[in-house]
**Q** 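What follows is a structure written as structure tokens; I'll ask about it next.
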2 protein chains.
Amino acid sequence: MAYDGFMTTPWLSDEQQRIWRSWLRLNRELSATLAREMSASSDLSMADFGVLVQLTDVADGRVRISELADNLGWERSRVSHQLKRMQTRGLVERFECAEDGRGSFVGITSAGREAIGEAAPGHVAEVRRLVVDHLDADELRDFGRLVDRLLEPFNG
Amino acid sequence: MAYDGFMTTPWLSDEQQRIWRSWLRLNRELSATLAREMSASSDLSMADFGVLVQLTDVADGRVRISELADNLGWERSRVSHQLKRMQTRGLVERFECAEDGRGSFVGITSAGREAIGEAAPGHVAEVRRLVVDHLDADELRDFGRLVDRLLEPFNG
DNA sequence: CCGATTTGAGTGACGCGTCATCTACTTCCT
DNA sequence: AGGAAGTAGATGACGCGTCACTCAAATCGG
């Protein structure tokens, strides 16, 4: 157990610290690589892509802003900023909401569909290459189990 | 195997997709929670904290900027921007480099040491609570092994 | 029915991160 | 020695993300 000189609280053990730092590094490398691939092979950012995925996931192609925020796990204001940028570029469009005068719908445009259609194959290939195909069946199962385990504190 | 209507490339299987999305969510929740805790219990951001950790890691308290960038796994320009902000707040200081007229050293100030001393215990507690103590010994070992496995493509 | 509270959404300020580019210094090649 | 190429670091522009705040509409409690 390693203690840091100026702290009165135990730091992590060397092994725990190694694992934690590796985890941080993995996130860094993975998201940087995916972001680079995305912007190299399309005009979309990862954020754009995430939004468009959600918008193609829904049947009628239009979602309430808050529902979109929930599905993305983003703050509302983040969604708002993001949609503003995407609307400027013609990737999404907004519609008024009849049932609730405060709310509004957002939907994907045909330009948006075209953009995600271009971006998706390369992105999927990269996720496969770096993660899915890089683990065998057992490892992938363990991986899923662990991720679920670590998500527990955020589900309750 | 699920295919997306407008694509000619295979998407991920439902299970693979579920795991991948869970992983993305875990990153989101974890980093958001840690960032929130950090800024609630100190005046530091996660980025500030990372820099200060590196600067306390080295013995003499001064590092070449590029070395710092390598240790952090950050781009140089990111380091440059970050250090400028931190220098303004008195957390770090710069020194000229005698051996190389282009280069410079950066070191932690006493204000910087004080700041990280305040921030560290809460941060460590949060990492413990959400990750380390949330997994038993076997799970932690598996987790480390999987993270290492996924880091392989970035090591070669 | 009316005021108080809550909720859906947007905004401005500001810190973060990347990319392209710049400057100054060093190194390498001949 | 001297010019070409490379390297250390800084910078400006711009997109991303959060926080604190605003406004309008809906809902709730009496």
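Computed from a predicted structure; not experimentally measured. In what follows, chains are A, B, ... by sequence order, proteins preceding strands, each numbered from 1.
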**Q** Provide, to the nearest angstrom, the distance between the CG atom belonging to Asn71(A) and the P atom belonging to dG8(C).
**A** 14 Å
**Q** Using atom CZ of Arg76(A) as one end and atom P of dA24(D) as the other, report the distance to the nearest whole Å.
**A** 18 Å
**Q** Establish whether the base of dT26(C) is bridged to the side chain of Arg102(B) by a donor-acceptor pair shorter than 3.5 Å.
**A** no
**Q** Counting side-chain heavy atoms from C-beta on, which of dC16(C), dA9(C), dG17(C) comes nearest to Arg78(B)?
**A** dG17(C)
**Q** Do the side chain of Arg89(A) and the main chain of Leu44(A) share a donor and acceptor less than 3.5 angstrom apart?
**A** no
**Q** Pick the nucleotide of DNA chain D nearest each of Gly103(B) and Glu99(A); which residue has the one closer to the 5' end?
**A** Gly103(B)
**Q** Answer with base, sugar-phosphate or nothing: what part of the nucleic acid does Ser104(A) contact at a heavy-atom distance below 4.0 Å?
**A** sugar-phosphate
**Q** Over how many whole Å does the gap from Arg89(A) atom CZ to dG15(D) atom P extend?
**A** 8 Å
**Q** Let me know, please, whether Gly101(B) or Glu75(B) comes out on the 5' side of the other along DNA chain C by nearest nucleotide.
**A** Glu75(B)
**Q** Do side-chain atoms of Thr109(A) reach the backbone of Leu91(A) as a donor and acceptor pair under 3.5 angstrom?
**A** yes
**Q** How close or far is atom P of dG9(D) from atom CZ of Arg64(B), stated in whole angstroms?
**A** 5 Å
**Q** Find the distance Phe49(B):CZ to dC16(C):P and express it as a whole number of Å.
**A** 15 Å
**Q** Pick the closest DNA chain C nucleotide for Met46(B) and for Leu83(A) by heavy atoms, then say which residue is nearer the 5' end.
**A** Leu83(A)
**Q** For Glu29(B) and dT18(D), give me the distance from atom CD to atom P, rounded to whole Å.
**A** 11 Å
**Q** Under 4.0 angstrom, heavy atoms only, what part of the nucleic acid is Arg94(A) near: base, sugar-phosphate, or nothing?
**A** sugar-phosphate
**Q** Test for a donor-acceptor pair under 3.5 Å between the base of dC16(C) and the side chain of Ser45(B), counting only N and O atoms.
**A** no
**Q** With clusters defined by side-chain heavy atoms of hydrophobic residues (ILVMFWY) lying less than 4.5 Å apart, directly or transitively, does Leu52(B) cluster with Phe105(B)?
**A** no
**Q** Tell me which nucleotide among dG15(D), dT11(D), dG17(C) gets nearest to the side chain of Arg85(A).
**A** dG15(D)
**Q** If you take atom types as modelled and just measure distance, does the side chain of His81(A) reach the base of dG12(C) with a donor-acceptor pair under 3.5 Å?
**A** yes
**Q** Please report the distance, rounded to the nearest Å, between CE in Met38(B) and P in dG15(C).
**A** 18 Å
**Q** Starting at atom CD of Glu96(A), determine the distance to atom P of dA9(C), rounded to an integer number of angstrom.
**A** 13 Å
**Q** Is it the case that the side chain of Ser42(A) and the backbone of Ser39(A) share a donor-acceptor pair, with hydrogens and angles ignored and the cut-off at 3.5 Å?
**A** no
**Q** Please work out if Arg36(A) contacts a base, only the sugar-phosphate, or nothing of the nucleic acid, heavy-atom cut-off 4.0 Å.
**A** sugar-phosphate
**Q** Within the side chain of Glu139(B), is there an N or O that forms a donor-acceptor pair under 3.5 Å with the backbone of Asp136(B)?
**A** yes
